[in-house]
Amino acid sequence: RAAPTSWRQETRTYRGLLVRVANPVAVKPVQDAIKQMGFTTWSVLDATQSLQRFFAVLNLFTIIYFRSGTLMLGALTGRENLVGYYNAGYKLVESFMLFPMIIVAPIYPVISRNREDTDQVKRVIVEAARVLLLIGVSVAFPIFLFRQEVTLLLFGQGYRLAADSVGILALTMIPIS
């Protein structure tokens with residue numbers, strides 16, 4: 001026996017609409033057409049543009065932060081040669097900053113997998129910190145002790161007066177690691 005048509009009447013509604021656009025140039029016109037139909041839109045392109053703006057601003061502030069010492073030294077002394085010597089040492093520190101990231105990045109999945117086991121997470125973090133400290137000390141102290149030789153080797157004779165700056169800034173690699 002058939003059900004009465006009054007309660008069986010169906011209205012079709014759509015919760016979402018998936019549209020794939022092959023050409024990124026066509027995304028905006030397609031979005032506009034979908035909006036005219038009464039739908040809201042979201043695209044990966046929108047998300048990446050938002051992320052691009054975020055990382056551009058983050059990058060700008062990072063550059064300002066890392067260059068603030070150079071700017072202050074130049075403003076306070078007015079001597080370009082001192083700024084150059086400082087930058088020589090700082091270039092060495094900047095290049096070293098990559099190593100902690102290389103060590104730490106692979107432990108994120110381990111921490112994530114073991115997030116319930118706080119003791120295991122602590123062990124992983126402590127072990128990573130030990131490795132980073134060992135690397136930092138192993139790199140920084142020899143550079144500090146042999147700063148004249150390292151400076152001549154890396155930057156040449158024109159930067160021989162930068163050796164003290166290179167040595168002192170090399171010690172900052174320890175807390176960075």
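Considering every non-hydrogen atom in both Q148 and R160, the closest pair reads OE1-O, 4.0 Å. The two atoms that bring S165 and Y86 nearest to each other are OG-CA, 3.4 Å, heavy atoms only. A170 and A140 make their closest contact through O-CB, 3.2 Å (heavy atoms, listed as atom of the first residue, atom of the second, distance). Nearest heavy-atom pair, A26 versus V21, reported as atom, atom and distance to 0.1 Å: CB-CG1, 3.7 Å.
Taking the six-membered ring where the residue is Trp, F99 and F96 present tilted rings, their angle falling between 30° and 60°.
Once rounded to the nearest 0.5 Å, the distance linking CG of N114 with NZ of K122 reads 14.0 Å. Taking CG of L71 as the reference point, atom CG of L76 lies at 10.5 Å (rounded to 0.5 Å). Put simply, CG on L133 and OG on S138 are 9.0 Å apart, with the number rounded to the nearest 0.5 Å. M173 CE to L132 CG: the interatomic distance, rounded to the nearest 0.5 Å, is 14.0 Å. Between T151 atom OG1 and L92 atom CG the span is 8.0 Å, to the nearest 0.5 Å. Atoms CZ and CG, from F55 and L60 in turn, are 14.5 Å apart once rounded to the nearest 0.5 Å.
Following chains of ILVMFWY side-chain contacts shorter than 4.5 Å, one can reach Y108 starting from V124, so the two form part of one hydrophobic cluster. M101 and I125 fall into different hydrophobic clusters, where Ile, Leu, Val, Met, Phe, Trp and Tyr are joined by side-chain heavy atoms under 4.5 Å apart, directly or via other members. Following chains of ILVMFWY side-chain contacts shorter than 4.5 Å, one cannot reach I168 starting from I143, and the two form parts of different hydrophobic clusters. In the hydrophobic clustering of ILVMFWY residues, with side-chain heavy atoms under 4.5 Å counting as a link, V110 and V104 come out together. When the side chains of ILVMFWY residues are joined at heavy-atom separations under 4.5 Å, either directly or via intervening members, V93 and M72 end up in two distinct hydrophobic clusters.
At least one side-chain heavy atom of Q157 sits under 4.5 Å from a side-chain heavy atom of L152. Under the 4.5 Å side-chain criterion, counting only non-hydrogen atoms from C-beta, Y159 is not in contact with V166. Inter-residue side-chain proximity for V30 and I34 is flagged as met; some heavy-atom pair is nearer than 4.5 Å.
Comment: D119 does not engage R123 in a salt bridge, judged by the lack of any side-chain N to carboxylate O separation of less than 4.0 angstrom.
In this structure, the side chain of T41 does not engage the main chain of Q31 through any donor-acceptor pair within 3.5 Å.
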